[in-house]
Number of protein chains: 2
Amino acid sequence: MNILEKITQHNAVFSKSERKVAEVILANPQTAIHSSIATLAKMSGVSEPTVNRFCRRLDTKGYPDFKLHLAQSLANGTPYVNRHVEENDGPEEYTHKIFESTMASLEVARQSADIATINRAVDLLTQAQKISFFGLGASASVAHDALNKFFRFNVPVIYFEDIIMQRMSCMNSGEGDVVVLISHTGRTKSLVEIAQIARGNDATVMGITSKDSPLAQECNLVLSLEVPEDTDMYMPMASRIAQLILIDILATGFTLRRGNKFRENLKRVKDTLRGSRFDKRGD
Amino acid sequence: MNILEKITQHNAVFSKSERKVAEVILANPQTAIHSSIATLAKMSGVSEPTVNRFCRRLDTKGYPDFKLHLAQSLANGTPYVNRHVEENDGPEEYTHKIFESTMASLEVARQSADIATINRAVDLLTQAQKISFFGLGASASVAHDALNKFFRFNVPVIYFEDIIMQRMSCMNSGEGDVVVLISHTGRTKSLVEIAQIARGNDATVMGITSKDSPLAQECNLVLSLEVPEDTDMYMPMASRIAQLILIDILATGFTLRRGNKFRENLKRVKDTLRGSRFDKRGD
DNA sequence: TGAAAAGTTGTAAAATTACTACATTTGATG
DNA sequence: CATCAAATGTAGTAATTTTACAACTTTTCA
């Protein structure tokens with residue numbers, strides 16, 4: 001829907017000249033909406049009809065219509081576009097690109113968040129006797145973070161990085177236990193196996209993973225976030241951030257469900273940290 | 001600023017015909033932005049120049065400019081605001097509030113990011129013989145994540161959760177080594193001590209922490225992010241996300257600095273993971 | 001009340017802007 | 001290197017917007 005997004009994504013489909021137009025617009029969209037087609041053509045070093053064709057390729061009626069869409073995109077509170085980092089970007093460029101594309105991904109995640117499933121997940125977590133968080137590779141740090149959050153709730157929480165320990169822990173799980181498995185792709189073999197073991201023991205298996213993945217199929221409940229991952233860098237970035245926000249949401253839902261008294265308990269946990277600090281405030 | 005509001009407020013200042021135009025626009029703004037000046041004039045029962053005068057009275061350059069402003073007003077969804085979660089928020093509310101306030105915080109972080117310091121940090125990291133990432137509590141998972149990223153670069157990376165191990169590791173550090181210490185508050189005693197030990201050994205100490213904190217004072221380089229933390233929940237949320245993005249930025253800067261061949265190496269690391277997966281793509 | 005002045009509105013022509021048809025160029029393929 | 005398809009630009013056309021000015025309405029004050 002957002003036309004700026006569309007421009008970045010469609011990049012491959014553009015012709016050489018059209019790409020020039022795209023670059024000029026992305027470089028300074030604010031200028032673009034105040035330019036006539038002739039001005040924009042000159043700025044891009046192409047002819048006017050090329051600009052016009054560019055607009056039509058993006059499914060707009062023509063140049064004026066395109067400008068309206070662009071104006072809306074800019075006003076939309078989301079000037080964040082998934083611009084990929086390029087080889088000769090300087091620190092200024094890649095810093096902003098990473099911020100912006102992360103935020104663009106979060107915006108997508110926000111819109112695709114399934115409230116009903118989240119609510120169901122919070123239900124299950126509040127009723128759990130014991131909660132385990134397992135992930136491998138980049139997702140291990142997400143599980144680690146979940147441990148840190150849920151640990152404060154004074155519920156039995158388990159976290160292991162070691163797949164043997166994860167496995168053994170699941171062997172000992174049973175009804176009333178919740179196992180949360182985190183994997184962006186949902187294709188990590190050992191996690192899928194763990195899911196099977198836990199389910200075999202009647203534990204509730206919750207997956208923070210992509211839907212329709214092998215892992216998702218083994219779960220009782222799947223929390224999926226449609227995050228367009230930037231694979232250029234061969235490192236998970238946005239997906240992991242979205243997973244963490246999901247953890248925040250689950251943790252928040254958990255505390256709200258537990259009520260007011262429980263939150264005082266949280267405060268107490270935090271106050272206890274003071275001894276290890278030079279001053280107040282939380283870490 | 002919002003032109004729709006302006007129309008309703010300015011109502012008194014309009015002439016009789018101009019008010020007709022205003023009414024037609026307010027009745028159906030979506031139609032207005034897709035109409036030509038002639039169509040809108042006919043709908044309002046006035047002449048074209050009247051519509052043009054109407055536009056100018058609202059401080060726009062003319063009809064097309066007015067349409068742009070109108071389009072923006074209509075598109076103007078909620079910009080990200082740091083709305084705190086409240087006690088009787090339902091899943092819908094708290095989910096969106098958490099997304100939005102995280103994004104609001106990231107926006108602040110983005111603007112406060114100090115490019116020069118980031119660049120300097122990348123410099124130091126690329127020249128490091130050995131890189132250590134240490135954090136405690138919530139920041140431990142950030143350090144964990146950093147380990148995961150930098151490990152792929154085939155550089156010696158160290159990560160410990162245990163403060164004794166952290167301490168011992170710093171005792172063995174020396175010139176050319178970089179120690180990255182992560183703490184939102186920068187007041188965790190044992191981290192400050194570690195910083196002192198590392199500096200005593202001529203290692204470079206880098207802090208991902210808030211400026212002017214005790215930890216910041218012990219660092220050679222401070223990467224600070226001005227993130228307004230939501231302390232209501234007694235849990236670090238946005239600060240940690242910002243720290244992770246900073247890790248992404250440093251990692252990206254690192255790979256860019258190392259050049260093209262190096263990135264192929266990254267791809268190889270990723271491809272190696274395939275054996276443990278049911279299919280392709282990274283986790 | 002009525003005449004001048006100020007303000008408002010519409011008509012028609014000018015200027016700007018965008019679009020279309022067609023010609024030329026570019027690039028790929030056998 | 002000949003041929004075809006795709007891409008791009010030129011020039012003319014159509015559309016849209018804006019301007020200039022004339023007609024009309026309302027207000028003001030003798």
Side-chain angles (χ1 to χ4, degrees), chain A residues 3 6-74, chain B residues 3 6-74:
Chain A
I3 211 136
K6 230 173 180 177
I7 295 173
T8 37
Q9 285 172 6
H10 266 250
N11 235 331
V13 188
F14 290 140
S15 73
K16 203 163 32 174
S17 308
E18 282 167 352
R19 212 164 304 139
K20 282 188 210 165
V21 180
E23 274 163 30
V24 171
I25 289 170
L26 289 176
N28 201 345
Q30 283 296 345
T31 311
I33 60 170
H34 292 113
S35 309
S36 70
I37 194 169
T39 315
L40 185 59
K42 197 176 284 173
M43 284 197 294
S44 316
V46 301
S47 70
E48 296 176 28
T50 300
V51 176
N52 193 274
R53 282 186 279 259
F54 167 84
C55 298
R56 299 228 165 122
R57 199 176 290 279
L58 293 162
D59 300 318
T60 61
K61 278 191 75 185
Y63 185 65
D65 189 40
F66 167 77
K67 282 212 290 190
L68 286 176
H69 282 265
L70 186 57
Q72 293 200 321
S73 299
L74 292 175
Chain B
I3 221 149
K6 228 172 180 176
I7 295 173
T8 38
Q9 285 169 7
H10 267 251
N11 237 330
V13 190
F14 289 141
S15 74
K16 205 163 33 175
S17 307
E18 282 167 355
R19 213 165 303 140
K20 284 189 211 166
V21 180
E23 274 162 31
V24 171
I25 290 170
L26 289 175
N28 202 344
Q30 283 295 345
T31 312
I33 59 171
H34 292 113
S35 309
S36 71
I37 194 168
T39 315
L40 186 58
K42 197 176 283 172
M43 285 197 293
S44 317
V46 300
S47 70
E48 296 175 26
T50 299
V51 176
N52 192 271
R53 282 186 281 260
F54 167 84
C55 297
R56 299 227 166 125
R57 201 175 290 278
L58 293 162
D59 301 316
T60 62
K61 276 192 78 186
Y63 185 65
D65 189 39
F66 167 77
K67 283 211 291 190
L68 287 175
H69 281 266
L70 185 58
Q72 292 199 321
S73 300
L74 294 175

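The chains referred to below are lettered A, B, ... by the order of the sequence lines, with proteins before strands, and numbering in each begins at 1. Since this is a predicted model, take the numbers as computed values, not measurements.
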Considering non-hydrogen atoms only, spot the tightest contact between A:Ser35 and A:Lys67 and give its length. O-NZ, 3.0 Å

Phosphate contact (C:dT9 OP1 or OP2) by B:Ser15 side-chain N/O below 4.0 Å: yes

What does B:Val46 touch in the nucleic acid at a heavy-atom separation under 4.0 angstrom: a base, only the sugar-phosphate, or nothing? sugar-phosphate

Closest non-hydrogen atom pair, A:Asp59 against A:Lys6: OD2-NZ, 3.7 Å

Determine the minimum heavy-atom distance between A:Ser73 and A:Ile3, stating which atoms define it. OG-N, 3.1 Å

Under a 4.0 Å heavy-atom cutoff, the residues of residues 31-43 of chain A touching DNA chain D are none

Do B:Ile7 and B:Phe54 come within less than 4.5 Å of each other through their side chains, counting heavy atoms only? yes

Can you identify which nucleotide, out of C:dT8, C:dT11, D:dG9, has its nearest atom closest to the B:Ser47 side chain? C:dT11

Among C:dG10, C:dT20, D:dT17, the one nearest B:Glu48 by side-chain distance: D:dT17

From D:dT19, D:dA7, D:dT17, nucleotide with atom closest to B:Tyr63 side chain: D:dT17

Give the rounded distance in Å between these two atoms: NZ of A:Lys16 and C1' of C:dA28. 12 Å

So A:Thr50 and A:Lys20, do their side chains get closer than 4.5 Å, heavy atoms only? no

Ignoring hydrogens, what is the shortest heavy-atom contact between A:Lys61 and A:Arg56? Give both atom names and the distance. O-NE, 3.4 Å

Between atom NZ in A:Lys61 and atom C1' in D:dT16, what is the gap in whole Å? 13 Å

Nearest-nucleotide 5' precedence on DNA chain D, A:Thr50 against B:Arg56: A:Thr50

Could you tell me the separation between the NZ atom of B:Lys20 and the C1' atom of C:dT8, rounded to a whole number of Å? 12 Å

Once rounded to the nearest 0.5 Å, what's the spacing between atom CD1 of A:Ile25 and atom CG of A:Leu58? 8.0 Å

What integer distance in Å separates A:Phe54:CZ from D:dG9:P? 14 Å

Could you check how far CG of A:Asn52 sits from C1' of C:dA21, rounded to whole Å? 13 Å

Quickly work out the A:Asp65 CG to D:dT16 P distance and round it to whole Å. 13 Å

Nearest to the side chain of B:Arg53 - D:dT19, C:dT9, D:dT18? C:dT9

